[in-house]
**Student:** 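Provided herewith is a single structure, encoded as structure tokens, for subsequent inquiry.
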Amino acid sequence: MKYIILLGDGMADEPIAALGGKTPLEVAHTPHMDRLAQTGKVGLAATVPEGYPPGSDVANLSVFGYDPGDCYTGRSPLEAASMGVELGPDDIAFRLNFVWLEAHYGKLYMGDFSAGHISTEEAGLLIETLQEELGGDDFNFYPGVSYRHLMVWKNGKDELTFTPPHDISTYSIEGHLPQGDGADVLQDLTNSAQMLLNTHPVNNQRVAENKLPANSVWFWGHGRKPVMDTYQQRYGLTGAVISAVDLIRGIGINAGLKIIDVPGATGYLDTNYRGKGEYAVAALKDCDFVYVHVEAPDEAGHGGLLEEKIKAIESFDRDVVGTVLENLPEIGPCRILVAPDHPTPVEKRTHTSDPVPYILFDSSHAMNSQATAYSESESRRCGDIIPGHQLLSLLMADRDSD
């Protein structure tokens with residue numbers, strides 16, 4: 001038996017007046033997910049436990065089968081694993097976003113949490129300058145993908161609170177700067193970075209091309225190295241992860257799973273959807289389990305891009321879910337879980353903690369869910385709410401009988 005998780009990040013949403021009170025998932029053309037819902041089991045999963053922030057870190061840990069209460073230490077330590085950065089016991093990792101802060105009437109606003117989706121190549125040059133000028137004994141900067149990067153504070157402070165930059169898009173940053181022991185040190189580091197970035201050749205060129213400059217860094221998502229059991233230890237399984245996002249790849253590495261690179265996978269709206277589906281099918285020749293993550297619906301939600309979110313959902317259905325389904329004869333007996341990690345409502349432009357709709361499908365038999373389609377409302381009508389970290393157990397419920 002093969003086990004497959006197909007995850008559309010941020011795919012769930014809320015009813016939108018412009019869509020006649022429907023969600024993007026309800027209006028999108030998703031014949032493949034609808035087919036799975038009609039023949040499988042649907043329900044809702046609470047992937048963000050009470051008291052936790054509705055981040056992709058917490059939510060994806062849940063979908064991977066880990067109870068965040070047992071192992072969650074923060075987002076950045078997971079990303080560090082993906083980037084090959086080994087953390088010591090006293091190291092604190094921080095996500096570093098390149099952002100564009102806009103000055104308006106004497107205040108600074110979060111103009112764009114991704115600095116105009118700066119390219120990986122441009123951002124790499126900026127990180128190189130930060131490391132040369134500000135890195136060393138206490139702070140070190142590591143390049144990631146596009147606007148997503150890493151800073152490690154040796155012997156750093158971790159009693160801090162932050163606001164994710166995508167939570168305050170278009171809002172004043174006043175009241176959202178780091179708080180707690182060590183916040184002053186990080187603010188000084190941010191100020192120093194701003195001085196370097198504002199005159200950097202990369203940003204000068206971006207301005208000349210009418211692109212948004214990366215005129216500031218934004219630290220958040222901090223934590224120490226987590227302790228997690230691998231899939232081999234927990235389930236006796238071999239597996240793989242397909243994602244362009246360091247966070248998801250980092251969870252996979254901590255879970256002892258193989259990381260598969262897909263050409264053209266970007267972590268954005270232009271990602272190689274079909275390639276992810278094809279590489280997932282190929283991975284199952286050698287692995288028991290594959291986790292396929294697509295970031296695009298989440299990015300559209302953060303951008304408030306309704307039509308782009310609908311297109312991203314349709315591409316996920318057609319080129320990821322559809323590619324897996326058309327290759328079922330090659331894959332053989334399998335169980336498939338389709339779900340978002342969390343909602344990213346277009347009108348709110350940030351994550352929420354609401355339960356997400358899931359589908360469980362078994363290629364060997366129908367489950368008679370009575371659902372007519374895959375959507376938030378149908379999953380609510382036809383199923384119960386379960387804790388998110390139980391999704392994996394639900395997917396593998398047949399293993400005792402194998």
Side-chain angles (χ1 to χ4, degrees), residues 53 55-58 60-61 68 71-99 113-115 118 120-166 177-197 200 202 214 216-228 243-255 259 267:
S56 291
D57 44 9
V58 170
N60 276 278
L61 275 172
C71 63
Y72 177 70
T73 63
R75 178 189 190 106
S76 296
L78 299 169
E79 295 179 328
S82 173
M83 297 164 70
V85 177
E86 183 64 32
L87 298 178
D90 297 318
D91 291 344
I92 309 298
F94 296 79
R95 160 69 88 85
L96 182 161
N97 270 45
F98 280 126
V99 302
F113 69 87
S114 68
I118 188 170
T120 299
E121 293 73 22
E122 291 172 308
L125 294 173
L126 297 180
I127 288 290
E128 184 177 312
T129 296
L130 295 182
Q131 179 61 24
E132 289 175 353
E133 299 294 333
L134 304 176
D137 293 336
D138 294 328
F139 303 104
N140 285 285
F141 301 82
Y142 301 90
V145 176
S146 184
Y147 60 90
R148 315 173 186 99
H149 306 278
L150 184 76
M151 187 275 286
V152 176
W153 185 359
K154 290 185 178 299
N155 301 308
K157 307 288 188 179
D158 64 352
E159 295 298 322
L160 291 153
T161 58
F162 300 90
T163 300
H166 51 260
L177 298 176
Q179 300 289 323
D181 185 18
D184 56 336
V185 177
L186 292 178
Q187 194 55 54
D188 287 345
L189 188 62
T190 297
N191 294 340
S192 297
Q194 288 173 348
M195 288 189 285
L196 293 169
L197 294 173
H200 198 284
V202 165
S216 185
V217 297
W218 191 272
F219 298 117
W220 62 288
H222 69 303
R224 298 178 185 272
K225 182 177 180 178
V227 177
M228 295 167 55
S243 175
V245 176
D246 278 323
L247 167 63
I248 310 304
R249 294 160 69 97
I251 295 175
I253 289 170
N254 278 282
I259 306 302

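We're numbering straight along the sequence, starting at 1.
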**Student:** Under the side chain to side chain donor-acceptor pair (under 3.5 Å) rule, collect the residues that match up with N254, sequence neighbours excluded.
**Tutor:** none
**Student:** Heavy atoms, side chains only, cut-off 4.5 Å: are R224 and I92 in contact?
**Tutor:** yes
**Student:** Check whether any side-chain heavy atom of R75 lies under 4.5 Å from a side-chain heavy atom of S56, and answer yes or no.
**Tutor:** yes
**Student:** Going by ring-ring contact (aromatic ring centres under 6.0 Å, His included), name the residues that satisfy it together with F162, two or more places apart in sequence or in a different chain.
**Tutor:** F94, H222
**Student:** Kindly give the heavy-atom pair with the smallest separation between K154 and D137, and that separation in Å.
**Tutor:** CD-O, 3.3 Å
**Student:** Is it true that atom CG of D184 has more than 12 heavy atoms of other residues, nucleotides or ligands lying nearer than 6.0 Å?
**Tutor:** yes
**Student:** Taking side chain as C-beta onward, heavy atoms only, is L78 less than 4.5 Å from P226?
**Tutor:** yes
**Student:** Looking only at heavy atoms, which two atoms of G144 and D246 are closest? And how far apart?
**Tutor:** CA-OD2, 3.9 Å
**Student:** Considering only heavy atoms from C-beta outward, does the side chain of L197 approach that of V217 to under 4.5 Å?
**Tutor:** yes
**Student:** When you measure from the side chain of W218 to the backbone N and O of T163, does any donor-acceptor pair fall under 3.5 Å?
**Tutor:** yes
**Student:** Do L125 and E122 come within less than 4.5 Å of each other through their side chains, counting heavy atoms only?
**Tutor:** no
**Student:** Quick one: CD1 on I127 to CG on L150, what's the gap to the nearest 0.5 Å?
**Tutor:** 8.5 Å
**Student:** Where is the tightest heavy-atom contact between V245 and G267, given as atom of each residue plus distance?
**Tutor:** CG2-CA, 4.5 Å
**Student:** Can you tell me which residue among W220, Y147, F98 is in a ring pair (Phe, Tyr, Trp, His ring centres under 6.0 Å) with F113?
**Tutor:** Y147
**Student:** Do we see a donor-acceptor contact under 3.5 Å between the side chains of Q194 and S216?
**Tutor:** yes
**Student:** Checking side chain to side chain contact (heavy atoms under 4.5 Å, CB included) for the pair F219/L160: CA distance, chi angles, key distance, verdict?
**Tutor:** CA-CA 11 Å; F219 298 117; L160 291 153; over 6 Å; no
**Student:** Measure across L87 and A93 and return the closest heavy-atom pair with its distance rounded to 0.1 Å.
**Tutor:** CD1-CB, 4.0 Å
**Student:** Nearest 0.5 angstrom please: F141 CZ to L134 CG, how far?
**Tutor:** 5.0 Å
**Student:** Between H149, R95, R148, which is the residue that forms a side chain to side chain donor-acceptor pair (under 3.5 Å) with E79?
**Tutor:** R95
**Student:** Is there a side-chain contact between F139 and V185 (heavy atoms, below 4.5 Å)?
**Tutor:** yes
**Student:** Looking at every non-hydrogen atom in both residues, tell me the closest pair between L96 and L130 and how far apart they are.
**Tutor:** CD1-CD1, 4.4 Å
**Student:** So, the side chain of S76 versus the backbone of G221: is there a donor-acceptor pair under 3.5 Å, distance only?
**Tutor:** yes
**Student:** Report the C-alpha separation of V202 and T129 in whole Å, then their side-chain angles, then the decisive distance to 0.1 Å, and conclude whether the side chain to side chain contact (heavy atoms under 4.5 Å, CB included) test is met.
**Tutor:** CA-CA 11 Å; V202 165; T129 296; over 6 Å; no
**Student:** Would you check if the side chain of S146 reaches a backbone N or O of I118 as a donor-acceptor pair within less than 3.5 Å?
**Tutor:** yes
**Student:** Using every non-hydrogen atom in the two residues, find where D91 and E86 come nearest and quote the distance to one decimal.
**Tutor:** OD2-O, 4.4 Å
**Student:** Between R249 and A244, is there a donor-acceptor pair closer than 3.5 Å when you use the side chain of the first and the backbone of the second?
**Tutor:** no
**Student:** Going by salt bridge (charged side-chain N to carboxylate O under 4.0 Å, His left out), K157 matches just one of D90, D138, D181. Which one?
**Tutor:** D181
**Student:** Measure the shortest side-chain to side-chain distance between P143 and E128 over non-hydrogen atoms and say whether it is less than 4.5 angstrom.
**Tutor:** no
**Student:** Kindly compute the distance separating CD (E133) from CG (L196), expressed to the nearest 0.5 Å.
**Tutor:** 5.5 Å
